[in-house]
There are 2 protein chains.
Amino acid sequence: MPLTLEDIARLSGVSRSTVSRVINADLNVKEDTRRKVQEIINNFNFQPNLAAKRLATGRSNVIGVIIPAGVSDLFTDPYFPQLLQGISALCNTRDYSVMLWLTEPEYERRMISRILHNSLVDGVVVASILMDDPIIQLLIESKMPYILIGRHPTEDVNYLDVDNLQAGRKATMHLVRLGYKRIATITGKKNQVAGYDRYLGYVKALQDSDMPVRPELVADGDFTEESGYNAMQRLIMYRPDAVFIANDMMAYGAMRALREANLRIPEDVAIVGFDDIPASSKTVPPLTTVRQAIAPMGGKAADLLINMIESGTMTTQKVIMDTELVVRESCGAS
Amino acid sequence: MPLTLEDIARLSGVSRSTVSRVINADLNVKEDTRRKVQEIINNFNFQPNLAAKRLATGRSNVIGVIIPAGVSDLFTDPYFPQLLQGISALCNTRDYSVMLWLTEPEYERRMISRILHNSLVDGVVVASILMDDPIIQLLIESKMPYILIGRHPTEDVNYLDVDNLQAGRKATMHLVRLGYKRIATITGKKNQVAGYDRYLGYVKALQDSDMPVRPELVADGDFTEESGYNAMQRLIMYRPDAVFIANDMMAYGAMRALREANLRIPEDVAIVGFDDIPASSKTVPPLTTVRQAIAPMGGKAADLLINMIESGTMTTQKVIMDTELVVRESCGAS
DNA sequence: ATAGAAAATGAGAGCGCTCCCATTATTGTT
DNA sequence: AACAATAATGGGAGCGCTCTCATTTTCTAT
């Protein structure tokens with residue numbers, strides 16, 4: 001039913017090849033014929049069949065985005081939506097489309113293996129992988145261009161990340177400088193790089209300041225609001241005067257726990273979060289937090305990936321992006 | 001580089017056709033050969049080229065999801081993530097993939113026209129369209145299977161929605177029954193069906209209860225937190241004792257405004273929201289709200305769409321899903 | 001004008017599948 | 001055992017593009 005190159009060729013009195021040239025902006029077409037053909041194309045709103053193009057060229061102009069579900073809380077945390085938004089916007093500008101897979105843990109391996117081999121996409125962005133995730137191996141073996149969101153310790157792995165360790169250190173240091181003495185932390189999942197590195201940053205800040213790292217002031221969470229709430233409840237009995245929390249969602253949970261315990265923020269307990277998701281400027285009190293530019297990071301990842309695809313080079317990419325400490329009221333420095 | 005059907009055929013000593021039959025679970029294959037071929041396929045982890053399949057069959061097993069950006073606040077509101085999650089999960093079970101397009105208003109028309117004609121997808125789910133959106137026309141003309149999330153007034157349009165009017169009425173009625181006398185509303189965008197219908201439900205509840213609809217107690221928002229905050233500030237001077245708010249994000253904004261004005265919830269002003277997004281059970285006080293099962297709705301939409309695709313029938317689908325009023329503390333009924 | 005170079009166009013094969021139809025192998029029936 | 005009926009398999013064309021190479025047209029310089 002839809003038109004084909006051949007149809008357009010017939011309608012404009014040239015050959016299929018010439019139409020193809022017009023569509024692909026080949027230089028060797030006389031201006032006259034180019035205009036004539038273009039007009040027919042416009043009139044009929046002709047769109048070339050991308051499956052056929054894909055088959056002929058081996059390229060689809062589609063990238064895949066793989067988000068392992070269960071890694072974080074996709075429903076509540078705006079991290080992924082923002083990332084997707086950034087990726088999508090960049091793809092729009094470079095004439096790519098995005099294929100989205102939210103993989104469920106039990107099928108993950110099989111699904112990824114399929115994605116990598118069925119030639120639907122030219123490359124993939126993989127978000128928040130675990131440090132020991134076996135899909136890294138699949139990725140490398142497949143020879144498909146890819147980039148991870150989140151540092152990965154393996155050699156020769158392409159990734160894009162913020163310097164979580166440095167950022168965690170910076171946030172904690174801020175609390176140290178404000179004079180807090182019993183600084184606690186609520187960590188993310190420690191088998192995710194972001195969780196682990198932010199925790200290391202916390203440790204480093206204390207060590208660099210000759211302050212002890214007290215195990216009872218370290219509470220593990222999993223990046224969800226609920227886990228922040230629970231962790232804070234556990235921490236309260238050890239009387240921290242400040243807490244560095246590995247993401248904003250957990251910080252919201254922690255604030256909820258503090259409120260229920262009738263502890264004031266920041267007078268009784270100061271709080272610093274991580275992510276600067278949009279709601280964080282509107283909490284009571286507004287949350288001091290480490291801003292990572294999530295959408296731009298997604299865009300950058302997509303851009304790098306498309307560069308890899310189009311250049312055909314596979315030299316390892318490791319890109320680190322900046323963070324910024326956004327000081328609001330929850331840390332007590334106003 | 002990747003293997004083809006022909007390769008597998010050679011390796012297992014049968015013809016390309018037979019391999020194809022094995023892959024597509026054709027019945028007319030002897031059990032012996034089926035097993036033999038399947039083994040080779042497994043050993044080499046062979047994945048058929050979907051572009052070629054697409055070209056040969058005219059079907060891709062991919063559905064598109066189109067989300068017009070700027071319609072709502074994609075970053076903050078978990079509505080879309082949940083919807084996507086539901087769609088994606090269903091697609092996983094039916095062996096479909098999803099292509100995601102976050103269209104930007106200025107390119108929207110052109111982009112959609114491309115999506116509909118370039119044969120990448122077998123059908124599309126379109127989320128939150130405006131009531132007078134011109135892309136409806138494109139959709140209908142294209143003959144591609146589609147389904148809208150959100151009622152649309154035009155005849156012969158496929159959609160899936162909750163009964164927003166009924167739900168709005170139910171929520172407002174709840175406030176009426178609790179004895180509130182000056183019930184206000186903060187509306188969503190009135191050129192979106194959800195915004196309009198929820199507002200109509202509010203009006204209907206008051207009329208059915210012989211209560212006046214006071215224009216000064218109707219404040220327009222646009223579904224964002226910010227707009228809820230602003231709308232509430234405007235409402236305060238008219239002393240409402242209760243407010244029905246067209247979504248939870250705006251309810252958060254409204255609560256923030258009330259808190260700043262030192263008005264207690266629900267003692268001074270009662271609040272009912274709409275959506276029951278996850279955070280709403282954790283606000284202070286917890287939010288009474290209309291629950292719509294967002295992820296299941298996405299799943300249902302994808303399911304319907306795939307049914308349309310596979311059956312080839314194009315009979316108009318109009319599906320209405322249930323809502324439920326979740327009573328918590330913000331309405332003062334405990 | 002005319003040869004030679006350069007630019008523009010056309011024809012054909014091929015990308016990896018499916019699907020129809022022809023062919024061969026396997027049954028069951030008397 | 002011989003034949004028809006049926007099951008299993010193979011071969012070929014075709015899906016709508018691209019891309020190389022051959023051919024035709026146009027241009028430039030003499």
Side-chain angles (χ1 to χ4, degrees), chain A residues 1-38 40-41 44-62 95 114 117-122 310 312, chain B residues 1-38 40-41 44-62 95 97 114 116-122 310 312:
Chain A
M1 204 62 206
L3 295 177
T4 72
L5 271 196
E6 205 81 51
D7 297 325
I8 300 296
R10 198 171 329 106
L11 288 165
S12 44
V14 298
S15 76
R16 180 171 28 94
S17 306
T18 300
V19 179
S20 173
R21 288 190 185 95
V22 171
I23 288 176
N24 296 294
D26 189 304
L27 305 149
N28 290 336
V29 180
K30 217 193 302 183
E31 181 57 21
D32 256 19
T33 54
R34 204 196 61 70
R35 275 221 317 282
K36 186 174 56 185
V37 173
Q38 190 62 57
I40 304 281
I41 290 178
F44 289 82
N45 189 24
F46 169 73
Q47 298 293 341
N49 181 316
L50 291 187
K53 178 170 181 151
R54 170 69 174 106
L55 185 55
T57 59
R59 289 255 317 280
S60 59
N61 274 37
V62 175
D95 204 26
R114 245 155 79 181
H117 294 292
N118 66 10
S119 311
L120 271 180
V121 299
D122 296 335
E310 300 199 334
Chain B
M1 203 64 205
L3 294 176
T4 72
L5 271 195
E6 205 82 49
D7 297 325
I8 301 297
R10 197 170 330 104
L11 287 165
S12 43
V14 298
S15 76
R16 179 173 28 93
S17 304
T18 300
V19 178
S20 172
R21 287 189 185 96
V22 171
I23 288 176
N24 296 293
D26 188 304
L27 305 148
N28 291 335
V29 179
K30 217 194 303 183
E31 180 57 22
D32 256 18
T33 54
R34 204 196 61 71
R35 275 221 317 282
K36 186 174 58 186
V37 173
Q38 190 62 56
I40 303 281
I41 291 178
F44 289 83
N45 189 23
F46 169 72
Q47 299 293 340
N49 181 316
L50 291 187
K53 178 171 181 149
R54 170 71 174 103
L55 185 55
T57 60
R59 289 255 319 279
S60 59
N61 274 39
V62 175
D95 204 25
S97 294
R114 245 154 80 179
L116 295 177
H117 294 292
N118 66 11
S119 311
L120 271 180
V121 298
D122 297 335
E310 300 200 333

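For clarity, every value in this text was computed on a predicted model and none was experimentally measured. Below, read A as the first sequence line, B as the second, and so on, with proteins coming before strands; counting in each chain starts at 1.
Summarising the geometry, the separation between CZ on Arg10(B) and P on dG16(C) is reported as 12 Å, rounded to the nearest angstrom. As a whole-Å value, the separation of Asn61(A) CG from dC17(D) C1' is 14 Å. The distance from atom CG of Asp26(B) to atom P of dA8(D) is 10 Å, rounded to the nearest whole Å. Atom-to-atom, CG of Leu55(B) to C1' of dG16(D) comes out at 5 Å; the value is rounded to the nearest Å. Put simply, CG on Asn24(A) is 7 Å from P on dC19(D), counting in whole angstrom units. Protein atom CD1 of Ile23(B) is 7 Å distant from nucleotide atom P of dT18(C), rounded to whole Å. Between the C1' atom of dG16(D) and the CG atom of Asn118(B) lies a distance of 13 Å, rounded to the nearest Å. In this structure, Glu6(A) places its CD atom 9 Å from P of dC17(D), rounding to the nearest Å.
Looking at residues two or more places apart in sequence or on another chain, you find a side-chain contact (heavy atoms from CB on, under 4.5 Å) between Arg35(A) and Glu31(A), Asp32(A). For Arg114(A), the salt bridge (charged side-chain N to carboxylate O under 4.0 Å, His left out) partners at least two apart in sequence or on another chain are Asp95(B). Annotation: side-chain contact (heavy atoms from CB on, under 4.5 Å) contacts of Leu11(B) (sequence neighbours excluded): Ile40(B), Phe44(B). For Leu50(B), the side-chain contact (heavy atoms from CB on, under 4.5 Å) partners are Asn118(A), Leu120(A), Lys53(B), not counting sequence neighbours. Applying the salt bridge (charged side-chain N to carboxylate O under 4.0 Å, His left out) test to Asp26(A) and every residue at least two apart in sequence or in another chain returns nothing. With sequence neighbours excluded, the residues forming a side-chain hydrogen bond (donor to acceptor under 3.5 Å, both in side chains) with Glu310(A) are Arg94(A), Tyr96(A), listed by chain and number. By the side-chain hydrogen bond (donor to acceptor under 3.5 Å, both in side chains) test, Ser15(B) pairs with Thr18(B), sequence neighbours left out. Residues meeting the salt bridge (charged side-chain N to carboxylate O under 4.0 Å, His left out) test with Arg16(B), sequence neighbours left out: Glu6(B). Annotation: side-chain contact (heavy atoms from CB on, under 4.5 Å) contacts of Ala52(A) (sequence neighbours excluded): Asn49(A), Leu55(B).
Comparing the axis of the opening five pairs of the helix from dA1(C)-dT30(D) to dT30(C)-dA1(D) with that of the closing five pairs yields an angle of 30°, rounded to 10°.
With Asp7(B) contributing its side chain and Thr4(B) its backbone, the two residues share a donor-acceptor pair below 3.5 Å.
Distances shown here put every side-chain N or O of Ser20(B) at or beyond 4.0 Å from the OP1 or OP2 atom of dC17(C).
What you find for Leu5(A) and Phe46(A) is that their closest heavy atoms are N-CZ, 3.8 Å.
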Per-nucleotide protein contact string for nucleotides 7-14 of chain C, where B marks a base within reach and S marks sugar-phosphate only (heavy atoms under 4.0 Å, - for neither)
-SBBBBBB

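Near DNA chain C, meaning a heavy atom under 4.0 Å away, there are no residues from residues 44-54 of chain A.
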